[in-house]
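Heads up: the structure comes next, in structure tokens.
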Amino acid sequence: MAADIQLVWTLSGPGWADCTISDHQAEAALEASYISTAPEDLLTAVARLVGGEVEARVQFEAEPTAFRWIFYREGTDVWIRVLELADGGKHDNAGAEIWSSQQSIDTVARAVVRCFDEVARRYGESGFRGKWGEHLPRFELEALREAWHKSRPLENT
């Protein structure tokens, strides 16, 4: 299995964010526009996986490009694929895979929580709203954090 992953979310301009996902083998750069609820959707998808769902999908709209995250869970492992599509309405087969990795669900949840904890620290509530145009996804972040902590064995908490 691959080493830990890192997720970085940077507000790059009014209504725009740059997102970098990486592991020890590869890195991919994505964009997201405020026209979709990308941060909320990513946090919610990972929380659903932590809760036991076997598949989750998230799409970042980058006008007109789209970046589609596809998560498959089997046991405690998650396979992640990120596709770049010229048109977000197209089937997965129309996209090009720009990054993939197999990780533990614990590693994925940790990376996403750490990413959005850093976003909250760096921008704060008002700074995030000022640049992104929407509220910091605090509810979704705390829901993921709670689900993640409940899913971990007592000796690891």
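Numbering starts at 1 and runs along the sequence shown.
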> Can any side-chain N or O of T65 pair as donor or acceptor with the backbone N or O of A62 at less than 3.5 Å?
Replying inline: no
> Taking side chain as C-beta onward, heavy atoms only, is L42 less than 4.5 Å from L7?
Replying inline: yes
>> What I'd like to find out is whether the side chain of P14 reaches to under 4.5 Å of the side chain of Y34, using heavy atoms alone.
In response: no
> Can you get from V8 to L136 by hopping between Ile, Leu, Val, Met, Phe, Trp and Tyr side chains that sit under 4.5 Å apart?
Replying inline: no
> Under the 3.5 angstrom rule, does the side chain of T10 hit a backbone N or O of S12 as a donor-acceptor pair?
Replying inline: no
> What distance do E84 atom CD and W99 atom CH2 have between them, rounded to the nearest 0.5 Å?
Replying inline: 15.5 Å
>> Contact between D106 and R152 at the side-chain level, heavy atoms closer than 4.5 Å - yes or no?
In response: yes
> Hey, mind stepping through E140 and R138 against salt bridge (Lys or Arg N to Asp or Glu O under 4.0 Å) and telling me if it holds?
Replying inline: CA-CA 6 Å; E140 292 84 358; R138 180 72 64 189; over 6 Å; no
>> Can you confirm whether or not the ring centre of W69 sits under 6.0 Å from the ring centre of F60?
In response: yes
>> In this structure, would F139 and V46 fall into the same cluster of hydrophobic residues linked by side-chain contacts under 4.5 Å?
In response: no
>> So, using salt bridge (Lys or Arg N to Asp or Glu O under 4.0 Å) as the criterion, who are the partners of D18 when residues are at least two apart?
In response: none
>> Apply the hydrophobic cluster definition, ILVMFWY joined by side-chain contacts under 4.5 Å directly or through others, and give me every member besides I70.
In response: Y72, W79, L83, L85
> Are R129 and E125 close enough for a salt bridge, meaning some N to O gap below 4.0 Å?
Replying inline: no
> Is the backbone N or O of A47 less than 3.5 Å from a side-chain atom of W148, with the two atoms forming a donor-acceptor pair by type?
Replying inline: no
> How close do I5 and T107 get, heavy atom to heavy atom, and via which atoms?
Replying inline: N-CG2, 3.9 Å
>> I'd like to know whether I105 forms a side-chain contact (heavy atoms from CB on, under 4.5 Å) with S151, so could you lay out the CA-CA distance, the side-chain angles of the two residues, the decisive distance to 0.1 Å, and finally the verdict.
In response: CA-CA 10 Å; I105 187 62; S151 74; 6.0 Å; no
> Roughly how far, to the nearest 0.5 Å, is the OG1 atom of T37 from the CD atom of E61?
Replying inline: 10.0 Å
> Would you say the side chain of D23 lies within less than 4.5 Å of the side chain of Q103, judging by non-hydrogen atoms?
Replying inline: yes
>> Contact between L141 and D117 at the side-chain level, heavy atoms closer than 4.5 Å - yes or no?
In response: yes
>> Once side chain to side chain donor-acceptor pair (under 3.5 Å) is applied, do any residues pair with R73, and if so which ones, sequence neighbours excluded?
In response: none
>> Just so I know, are the side chains of V108 and L49 near enough to count as touching, which here means a heavy-atom distance under 4.5 Å?
In response: no
>> Measuring from atom OG of S104 to atom CG of D77, what distance do you get when rounded to the nearest 0.5 angstrom?
In response: 7.0 Å
> Any side-chain heavy atom of E63 within less than 4.5 Å of one from W16?
Replying inline: yes
> Say you draw a straight line from CZ of R48 to CZ of F71; how long is it, rounded to the nearest 0.5 Å?
Replying inline: 10.0 Å
>> Any heavy-atom pair between the side chains of E27 and T20 that's under 4.5 Å?
In response: yes
> Between Q59 (side chain) and G88 (backbone), is there a donor-acceptor pair under 3.5 Å?
Replying inline: yes
> Knowing that exactly one of F116, Y123, F128 qualifies, which makes a ring-ring contact (aromatic ring centres under 6.0 Å, His included) with W9?
Replying inline: F116
> Can you tell me how far CZ of R110 sits from SG of C115, rounded to the nearest 0.5 angstrom?
Replying inline: 14.5 Å
> Do the charged groups of D92 and R81 touch, with an N to O distance under 4.0 Å?
Replying inline: no
> If you round to the nearest 0.5 Å, how far is OG of S36 from CD of E134?
Replying inline: 10.5 Å
